[in-house]
Student: 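I have a structure here, written as structure tokens, and I will follow up with some questions on it.
First listed ligand is number 1; within each ligand, the first listed atom is number 1. Below, all heavy atoms of this structure are taken into account, side chains as well, without hydrogens, waters or symmetry copies. We count residues from 1, following the sequence as given.
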Amino acid sequence: MRAVVFSRYGDESVLDLTERPAPAPADGEILVEVKAAGVNPVDWKHREGAVRNDRPFPLGMGWDVAGVVRSTVPGGPAVGGAVYGMLPLPYGGAYQELAVLPASAVAPKPARLSYAEAAAVPLAALTAWQALEAAGARAGQRVLVHAGAGGVGHFAVQFARHLGAHVTATASARNLDFVRRLGADEPVDRATTDLAAADPFDIVLDTVGGPVQHASWRLLRPGGSLITLPEPVDEAHRLPGIAARRVIVTPDGQVLRRIGALIDAGVVDVEVQAVFPLEKAAQAHRVSSTGRVRGKLALRL
Ligand SMILES: NC(=O)c1ccc[n+]([C@@H]2O[C@H](COP(=O)([O-])OP(=O)(O)OC[C@H]3O[C@@H](n4cnc5c(N)ncnc54)[C@H](OP(=O)(O)O)[C@@H]3O)[C@@H](O)[C@H]2O)c1
């Protein structure tokens with residue numbers, strides 16, 4: 001099968017489109033013919049060596065897939081069915097014609113979505129869902145989503161809004177209308193607005209890290225919840241009375257079913273900025289690592 005792999009850590013030039021043996025499903029795993037793969041920042045962090053695993057080179061790339069089931073397990077999805085799902089971290093293997101995933105990690109592909117759109121959903125949407133769940137988000141709360149136009153952020157805005165929260169989302173000026181359309185009550189220009197003047201938040205989702213995480217503590221009310229995604233909680237900045245934790249996304253086919261239902265009902269939209277052919281994976285990484293993507297990127301196989 002054709003696969004994008006890499007045999008040393010480095011810049012985009014280490015990505016190699018080559019022929020590899022098809023992967024063999026282990027117990028509980030299904031084999032999926034990949035029609036499209038999602039691109040996430042963790043992909044290029046893995047390529048650079050910031051995210052590693054214990055397997056030898058060449059290493060597979062990517063975690064998000066949408067495609068057609070080619071072999072299954074008892075109780076798993078039907079052979080021939082269209083599914084989407086996320087491979088378990090830290091072992092990549094989505095930028096390839098055949099991928100293995102736990103049967104429990106996939107759900108039927110939302111009917112409304114193309115394969116490329118469906119592949120853009122799992123990792124980012126599960127992260128947003130699990131982050132809001134970890135914070136105990138509910139109706140009436142004030143939720144701040146940093147980077148509301150990004151992959152995780154654009155799902156978090158929509159999920160929080162669907163829960164009935166009051167949603168504030170940061171973005172650059174060119175994305176303010178976009179986050180408003182997603183349902184943000186208060187789109188905030190991150191270059192010009194000082195959030196310290198805003199009413200305190202019940203929940204802050206930090207999708208950026210560094211100074212954004214540090215500033216987030218003081219935006220929360222006592223008893224509020226800070227969820228960090230790119231980095232661990234920086235204990236040096238901890239404030240008493242704030243519950244803070246980092247969430248690491250895990251595959252969950254049951255939640256993907258629920259997300260798929262919201263998508264098919266038109267409650268949640270997926271924004272795909274660009275779809276690249278598999279042989280342009282390096283270009284997709286270059287675009288992703290600018291940190292300026294609106295919504296998501298995907299690869300077409
Ligand atoms: N812990 C986990 O399990 C987990 C899971 C998923 C993602 N992550 C991490 O979370 C981060 C976000 O992931 P993602 O997929 O959402 O990334 P992404 O799609 O690449 O995010 C891009 C967005 O970030 C915004 N942005 C860039 N710098 C910003 C800043 N200083 N302040 C506010 N917004 C800013 C940009 O919007 P504007 O151009 O409008 O500013 C852009 O739309 C990444 O570091 C990723 O590795 C962690």
Side-chain angles (χ1 to χ4, degrees), residues 37-52 62-64 86-90 92 94 105 119-135 144-160 168-182 184 186-195 204-216 219 226-234 244-252 255 270-274 284-298:
V39 176
N40 293 286
V42 66
D43 300 3
W44 48 265
K45 293 178 184 182
H46 179 47
R47 191 205 68 220
E48 289 175 343
V51 175
R52 299 191 179 205
W63 280 272
D64 275 335
M86 178 198 151
L87 281 70
L89 293 160
V121 174
L123 189 146
L126 286 169
T127 303
W129 185 285
Q130 290 166 6
L132 290 168
E133 199 166 62
L144 170 61
V145 178
H146 281 296
V152 175
H154 91 297
F155 287 117
V157 167
Q158 296 180 85
F159 294 158
T168 302
T170 65
S172 56
R174 71 195 164 94
N175 281 328
L176 293 176
D177 282 344
F178 171 61
V179 294
R180 187 177 287 109
R181 280 200 306 279
L182 294 173
E186 290 183 52
V188 165
D189 184 339
R190 65 179 173 92
T192 58
T193 308
D194 182 6
L195 281 164
V204 176
L205 248 55
D206 167 32
T207 56
V208 182
V212 170
Q213 185 194 131
H214 298 160
S216 291
L219 305 179
L226 171 60
I227 302 294
T228 75
L229 296 170
E231 297 165 0
V233 172
D234 182 348
R245 58 176 282 204
R246 184 186 195 189
V247 164
I248 302 283
V249 62
T250 55
D252 190 331
V255 170
V270 185
E271 176 77 8
V272 179
Q273 175 178 301
H285 277 206
R286 261 192 300 279
V287 175
S288 174
S289 60
T290 61
R292 305 307 305 276
V293 172
R294 176 189 287 193
K296 297 280 309 173
L297 302 174

Student: Quick one: which ligand 1 atoms are inside 4.0 Å of a heavy atom on Val293?
Tutor: 22 (C), 23 (C), 42 (C), 43 (O)
Student: For ligand 1, does Lys296 get within less than 4.0 Å through its side chain, its backbone, both, or neither, judged by non-hydrogen atoms?
Tutor: neither
Student: Contact between Leu144 and Leu205 at the side-chain level, heavy atoms closer than 4.5 Å - yes or no?
Tutor: no
Student: Within a strict 4.5 Å, meaning less than it, do heavy atoms of the Asp206 and Leu226 side chains meet?
Tutor: yes
Student: Does an N or O anywhere in Arg292 fall below 3.5 Å from an N or O of ligand 1?
Tutor: yes
Student: Heavy-atom contact check, 4.0 Å cutoff: does His146 meet ligand 1?
Tutor: no
Student: Looking at Ile248, which atoms of ligand 1 are within less than 4.0 Å of one of its heavy atoms?
Tutor: 1 (N), 3 (O)
Student: If you measure from each heavy atom of Leu123 to ligand 1, is any distance below 4.0 Å?
Tutor: yes
Student: At less than 4.0 angstrom from any non-hydrogen atom of Val208, what atoms of ligand 1 do you find?
Tutor: 30 (C), 31 (N), 32 (N), 33 (C), 34 (N)
Student: Geometry only, no angles: is Ala171 polar-contacting ligand 1 at N/O separations under 3.5 Å?
Tutor: no
Student: Which of the atoms of ligand 1 are close to Ala149, meaning less than 4.0 Å from one of its heavy atoms?
Tutor: 43 (O)
Student: Please give me the minimum heavy-atom distance between Val145 and Ala156, naming the atom from each residue.
Tutor: CG1-CB, 4.0 Å
Student: Looking at CZ of Arg52 and NZ of Lys45, how far apart are the two atoms once the value is rounded to the nearest 0.5 Å?
Tutor: 15.0 Å
Student: Could you check atom 20 (O) of ligand 1 against the protein and tell me its nearest heavy-atom contact, residue, atom and distance included?
Tutor: Pro41 CG, 3.7 Å
Student: Quick one: pull up CZ in Arg294 and CZ in Phe178 and give me the separation to the nearest 0.5 Å.
Tutor: 6.0 Å
Student: Between Arg174 and ligand 1, does any nitrogen or oxygen pair lie at a separation below 3.5 Å?
Tutor: yes
Student: Below 4.0 Å from any atom of ligand 1, is there a heavy atom belonging to Glu231?
Tutor: no
Student: Which protein non-hydrogen atom lies closest to atom 12 (C) of ligand 1, naming both residue and atom, and how far is it?
Tutor: Thr207 O, 3.3 Å
Student: Would you give the length of the straight line joining atom CZ of Arg292 to atom CD of Gln273, rounded to the nearest 0.5 angstrom?
Tutor: 10.5 Å
Student: Report yes or no: does a heavy atom of Asn40 sit under 4.0 Å from some atom of ligand 1?
Tutor: no
Student: With a 4.0 Å cut-off on heavy atoms, is Lys45 in contact with ligand 1?
Tutor: yes
Student: So which heavy atom in the protein is nearest atom 21 (O) of ligand 1, and how far is it from that ligand atom?
Tutor: Gly150 CA, 3.8 Å
Student: Atom 38 (P) of ligand 1: which protein heavy atom is closest, and how many Å away?
Tutor: Ser172 OG, 3.2 Å
Student: Any donor-acceptor pair under 3.5 Å linking the side-chain atoms of His285 with those of Asp43?
Tutor: no
Student: Check each heavy atom of Val152 against ligand 1 and say whether those closer than 4.0 Å belong to the side chain, the backbone, both or neither.
Tutor: both
Student: Among Ser288, Pro230, Ala173, which residue places a heavy atom closest to atom 9 (C) of ligand 1?
Tutor: Pro230
Student: Quick test: of every protein heavy atom, which one is nearest to atom 29 (C) of ligand 1, and how far off is it to 0.1 Å?
Tutor: Arg190 CZ, 3.4 Å
Student: Roughly how far, to the nearest 0.5 Å, is CZ of Arg181 from CG of Asn175?
Tutor: 9.5 Å
Student: For a quick test of reading the model, state the closest non-hydrogen atom pair linking Ala134 to Ile227 and the distance between them.
Tutor: CB-CD1, 4.0 Å
Student: State whether the shortest distance between N or O atoms of Arg294 and N or O atoms of ligand 1 falls below 3.5 angstrom.
Tutor: no
Student: Which heavy atom in Ala37 sits nearest to a heavy atom in Ala94, and how many Å separate them?
Tutor: CB-O, 3.5 Å
Student: May I ask you to identify the nearest protein heavy atom to atom 8 (N) of ligand 1, giving residue, atom name and distance to one decimal place in Å?
Tutor: Leu229 CB, 4.2 Å
Student: Heavy atom under 4.0 Å from ligand 1: found in Val249's side chain, backbone, both, or neither?
Tutor: both
Student: Quick one: which ligand 1 atoms are inside 4.0 Å of a heavy atom on Val247?
Tutor: 1 (N), 2 (C), 3 (O)
Student: Would Trp44 and Ser289 count as a side-chain hydrogen bond (donor to acceptor under 3.5 Å, both in side chains) if you check the C-alpha gap in whole Å, the side-chain angles of each, and the deciding distance to 0.1 Å?
Tutor: CA-CA 7 Å; Trp44 48 265; Ser289 60; 5.1 Å; no
Student: Kindly compute the distance separating CD (Glu186) from OG1 (Thr168), expressed to the nearest 0.5 Å.
Tutor: 4.5 Å
Student: Among protein heavy atoms, which sits nearest to atom 26 (N) of ligand 1, and what does the distance come to when rounded to 0.1 Å?
Tutor: Gly291 O, 3.9 Å
Student: Which residue and atom name correspond to the protein heavy atom nearest atom 25 (C) of ligand 1, and how close is it?
Tutor: Ala147 CB, 3.5 Å
Student: Which heavy atom of Ser216 sits nearest to which heavy atom of His146, and what is that distance?
Tutor: OG-NE2, 3.4 Å
Student: For a 4.5 angstrom cut-off between non-hydrogen side-chain atoms, does His46 reach Pro90?
Tutor: no
Student: Using the side-chain contact (heavy atoms from CB on, under 4.5 Å) definition, which of the options Val121, Leu123, Asp64 pairs with Lys296?
Tutor: Asp64
